[in-house]
**Student:** 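Quick one: the structure is below, questions incoming.
All ligand and atom numbering here is 1-based and tracks the order in the structure. Residue numbers start at 1 and run along the sequence shown.
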Amino acid sequence: MFKRVPGTKDILPDELSRWQELEACARAIFALYHYAEIRPPLIEDVALFNRSLGTSTEIVQKQMFLIQNKEDTYALRPEGTASIVRAYIENNLDKKGKISKFFYMGPMFRLERPQKGRLRQFHHIGCEVIGSSEPGVDIEVIALARQLLERFGITGYRIKLNTLGCAEDKKKLAEALRAALRPKQAELCDDCRNRLESNVLRILDCKQPGCKNVVAQVNVHNASLCDGCVSHFERVKEGLAALAVPYEIAPQLVRGLDYYTRTVFEITHDELGAQDAIGAGGRYDKLVSELGGPDLGAVGFAFGVERLCLISGENRSNVAAKLIFVIPLGQNAAQYALPLLKELRDAGIACDTDYDGRSLKSAMRQANDYNARFALIIGDNELAKGVVTLKDMSTGQQQEIRREELINQLQL
Ligand code: HAM
């Protein structure tokens with residue numbers, strides 16, 4: 001017996017209707033906002049991620065899936081942003097227009113300790129807008145994330161918002177934090193003591209109670225922001241308010257990737273427990289130039305699809321619920337059903353049938369298991385009268401419909 005690799009998941013047909021719904025919905029919404037799909041490869045030179053995510057980040061230090069070649073080391077991508085910026089630069093996409101808007105869907109890989117909502121292969125639905133530092137783009141991207149959630153039928157989410165300031169502000173913030181935290185380092189967890197020198201901002205969002213306590217006592221954050229970053233953030237907040245996008249200011253939110261500058265956000269959901277982020281993103285104004293491209297601002301986000309699927313959404317359209325299960329009773333009815341099934345499918349109506357000549361009772365049980373919308377029963381009586389019996393599986397009501405009127409009736 002072979003088993004799947006820990007931290008991976010078989011996405012089975014039962015779950016896939018939700019996946020397909022999320023993907024189809026995302027495509028439609030991204031199109032409304034004029035974003036075009038991009039599909040970079042799943043493997044990249046490891047140096048791309050070291051450079052963009054930062055060598056002191058947890059992902060680069062502990063979570064990379066590496067493939068050692070003769071001369072090169074490739075990495076299975078742990079996220080999409082770095083690959084998309086690489087593709088943007090390598091394919092000279094900056095020549096195509098002032099601003100480029102991309103969306104993407106696909107698997108990401110991180111060698112994490114698996115737990116509920118934390119996998120080693122998981123999937124992102126995300127977007128990146130490259131070519132502008134204007135707050136209008138931050139507003140668009142956050143409003144888009146919110147509209148996606150609404151269309152996914154997910155309520156009860158919280159959008160947490162912060163600004164890290166520009167690269168210079170981040171440096172000032174790191175220095176101020178280091179100075180404030182050094183005297184209290186004995187109270188920090190082991191990880192945060194290490195982070196003090198290598199990645200001090202991460203201490204701000206450490207979940208350990210001791211560290212939270214220390215962080216609550218230091219308030220150096222706003223002091224490090226320059227006027228430009230203060231007004232940028234004000235405009236983002238005003239825009240979100242104008243669009244009635246609900247958000248909470250989260251001064252401790254710093255994100256685990258080095259490339260962020262200015263706006264950062266995270267969307268959480270209480271149904272999820274420890275791994276409560278369903279999506280996250282922010283602005284990364286230095287990344288394009290750091291990877292060898294022009295000096296262009298950019299902003300984006302990604303949702304974790306597995307985590308979206310863990311939340312019980314409302315108003316879901318269930319593909320299986322539209323299924324018609326055709327039940328022919330006897331040989332003649334089975335013959336009759338064959339062209340009928342084709343006609344239904346030609347008309348875009350999903351259907352399935354019982355080929356085993358089972359009893360009505362047992363075939364109805366099957367229709368129920370399939371979560372069919374209707375059972376369509378054809379027996380000798382129906383054949384003689386030129387009708388079919390359509391049974392609504394949720395109400396139990398049934399009616400006879402003339403064979404030639406069937407498709408029209410079902411399409412109503
Ligand atoms: P991230 O916060 O690392 O950001 O990942 C985004 C989302 O992916 C998380 O909020 C979570 O829902 C999901 N996720 C992350 N790790 C796992 C895991 N091990 N198992 C299951 N789900 C997971 C990024 O990756 C950035 N590239 C987002 C971004 C785009 N920023 C700007 N543009």
**Student:** Can you work out which protein residues put a heavy atom within less than 4.0 Å of ligand 1?
**Tutor:**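 Within 4.0 Å of ligand 1, the protein residues are Glu79, Thr81, Tyr104, Arg110, Glu112, Gly117, Arg118, Leu119, Phe122, His124, Glu128, Arg255, Leu257, Tyr259, Tyr260, Ala277, Ile278, Gly279, Ala280, Gly281, Gly282, Tyr284, Gly300, Phe301, Ala302, Gly304, Arg307.
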
**Student:** Compute both the distance and the angle, then confirm whether Arg403 meets the cation-pi test with Tyr336: under 6.0 Å from the six-membered ring centre, within 45 degrees of the axis.
**Tutor:**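 Yes, a cation-pi geometry holds between Arg403 and Tyr336.
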
**Student:** Under the ring pair (Phe, Tyr, Trp, His ring centres under 6.0 Å) rule, collect the residues that match up with Tyr259, sequence neighbours excluded.
**Tutor:**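 Expected list: Tyr284.
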
**Student:** Scan the side chains in residues 26-34 for donor-acceptor partners under 3.5 Å anywhere in the protein, sequence neighbours excluded, and list what turns up.
**Tutor:**
residue : atom : partner : partner atom : Å
Arg27   : NH1  : Glu37   : OE1          : 2.7
Tyr33   : OH   : Gln147  : OE1          : 2.6

**Student:** Name the residue from Val236, Ile99, Ile130, Thr263 that meets the side-chain contact (heavy atoms from CB on, under 4.5 Å) definition with Val137.
**Tutor:**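 With Val137 as partner, side-chain contact (heavy atoms from CB on, under 4.5 Å) holds for just one option, Ile99.
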
**Student:** What pairs with Phe122 under ring pair (Phe, Tyr, Trp, His ring centres under 6.0 Å), at least two apart in sequence or on another chain?
**Tutor:**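 For Phe122, the residues satisfying ring pair (Phe, Tyr, Trp, His ring centres under 6.0 Å) (neighbours in sequence not counted) are His124.
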
**Student:** Can you establish whether the number of heavy atoms outside Asp227 located under 6.0 Å from its atom CG is more than 12?
**Tutor:**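 Not buried by this count: 12 neighbours or fewer within 6.0 Å.
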
